[in-house]
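Notes follow once the structure below has been shown.
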Amino acid sequence: MSWSVGRMVLLGTLVTAPGAVRAQTAADSAGVRAAVLDYVDGIYRADTSRIVRSVRPELAKRGYFIPRGQTVYASEPMTYQELIGVARTWNKAGKLNADMAPKDIRILDLLDQTASVKLTAQWGIDYLHLARYDGRWMIVNVLWQTRPVEKTP
């Protein structure tokens, strides 16, 4: 049987499969964090150059939010070009202090070629998938939603 998993546990013994992924390095962690910080600060600071630096043009992004006056979530896809437009305008007036705005970055999984990250930002929660391109970590997928509405019992 062929396994595509880097490691597996077999009867309590750690078995490393051929071609196992290398361990996370501090440089990989820093590169992933830098890409996610570019993404969130690109929007907070209306700086599209940070989006260009951190997001792949083939981006797949989908969000879930409750429109004003409604009670159920709506879904909206977003292209790379639309993200550039959001970054250009979302905080253009500077009403949100980018230095004080939430940007909690949690690396959920980091392999040698791919990573998964949870970002808590002003607008809600983003789950991001990143991949390494020519040695640089870049965002390829984003799934997000606004903060959940607290339900009263």
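Throughout, numbering of the chain's residues begins at 1 and tracks the sequence. Just the heavy atoms: all of them, side chains too, but no hydrogens, waters or symmetry mates, feed the values below.
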Counterpart residues, side chain to side chain contact (heavy atoms under 4.5 Å, CB included), relative to L143 (two or more places apart):
R62, Y64
In Å, rounded to the nearest 0.5 Å, how long is the span from OG of S116 to CG of D109?
6.5 Å
Shortest non-hydrogen contact between A74 and P67, atoms and distance
CB-CG, 3.8 Å
Side chain to side chain, V117 and V32, heavy atoms closer than 4.5 Å:
yes
Flag the pair R33 and D38 as a salt bridge only when some basic side-chain nitrogen lies within less than 4.0 angstrom of an acidic carboxylate oxygen.
no
Given D134 and R136, is the side chain to side chain contact (heavy atoms under 4.5 Å, CB included) satisfied, shown in steps?
CA-CA 6 Å; D134 298 321; R136 216 167 96 231; 5.8 Å; no
Determine whether I43 and R50 make a side-chain contact, defined as any pair of heavy atoms from C-beta on separated by less than 4.5 Å.
no
Is any side-chain heavy atom of D99 closer than 4.5 Å to one of R45?
yes
Within a strict 4.5 Å, meaning less than it, do heavy atoms of the V36 and L130 side chains meet?
yes
Let's go through I84 and V52 carefully: what are the C-alpha distance in whole Å and the side-chain angles of both, what is the deciding distance for side chain to side chain contact (heavy atoms under 4.5 Å, CB included) to 0.1 Å, and is it a yes or a no?
CA-CA 8 Å; I84 295 288; V52 170; 3.9 Å; yes
In the structure I gave you, are the side-chain heavy atoms of W90 and Y44 within less than 4.5 Å of one another anywhere?
yes
Begin from the C-alpha positions of L119 and Y127 and carry the test side chain to side chain contact (heavy atoms under 4.5 Å, CB included) through to its verdict.
CA-CA 6 Å; L119 166 68; Y127 293 96; over 6 Å; no
Tell me whether M78 shares a hydrophobic cluster with L59, the cluster being built from Ile, Leu, Val, Met, Phe, Trp, Tyr side chains joined at under 4.5 Å.
yes
Using side chain to side chain contact (heavy atoms under 4.5 Å, CB included) as the criterion, list what pairs up with A34, not counting sequence neighbours.
none
Check: Y39 and L83 side chains under 4.5 Å, non-hydrogen atoms
yes
Say whether V86 and I51 are linked into one hydrophobic cluster, either directly or through other cluster members, by side-chain heavy-atom distances under 4.5 angstrom.
yes
Following the transitive rule for hydrophobic clusters with a side-chain heavy-atom cut-off under 4.5 Å over Ile, Leu, Val, Met, Phe, Trp and Tyr, establish whether V40 and L96 coincide in one cluster.
yes
Least distance between heavy atoms, A98 atom then D41 atom
O-OD1, 4.3 Å
Beyond-backbone contact of K103 with L37, side-chain heavy atoms, under 4.5 angstrom:
yes
Is atom OH of Y73 surrounded by more than 12 heavy atoms (other residues, nucleotides or ligands) closer than 6.0 Å?
yes
Note: I107 and L110 closest approach over all heavy atoms is CG2-CB, 3.9 Å
Quick check for you: to the nearest 0.5 Å, what is the distance between D28 atom CG and W137 atom CH2?
5.5 Å
State plainly whether one hydrophobic cluster holds both M138 and L128, where clusters connect Ile, Leu, Val, Met, Phe, Trp and Tyr through side-chain heavy atoms under 4.5 angstrom apart.
no
Going through the checks in order, is the salt bridge (Lys or Arg N to Asp or Glu O under 4.0 Å) test met by R132 and D112?
CA-CA 8 Å; R132 186 193 306 267; D112 60 334; over 6 Å; no
Interatomic distance, OG1@T79 vs CD@E58, rounded to 0.5 Å, equals 12.5 Å
I need the minimum non-hydrogen distance between R147 and A121, along with the two atoms involved.
NH2-O, 2.9 Å
How far apart are the closest heavy atoms of R56 and Y80, and which atoms are they?
O-CD1, 3.3 Å
Find the distance between CH2 (W144) and OG1 (T120) and round it off to the nearest 0.5 Å.
14.0 Å
For residues Q145 and F65, determine if any side-chain heavy atom of one lies less than 4.5 Å from a side-chain heavy atom of the other.
no
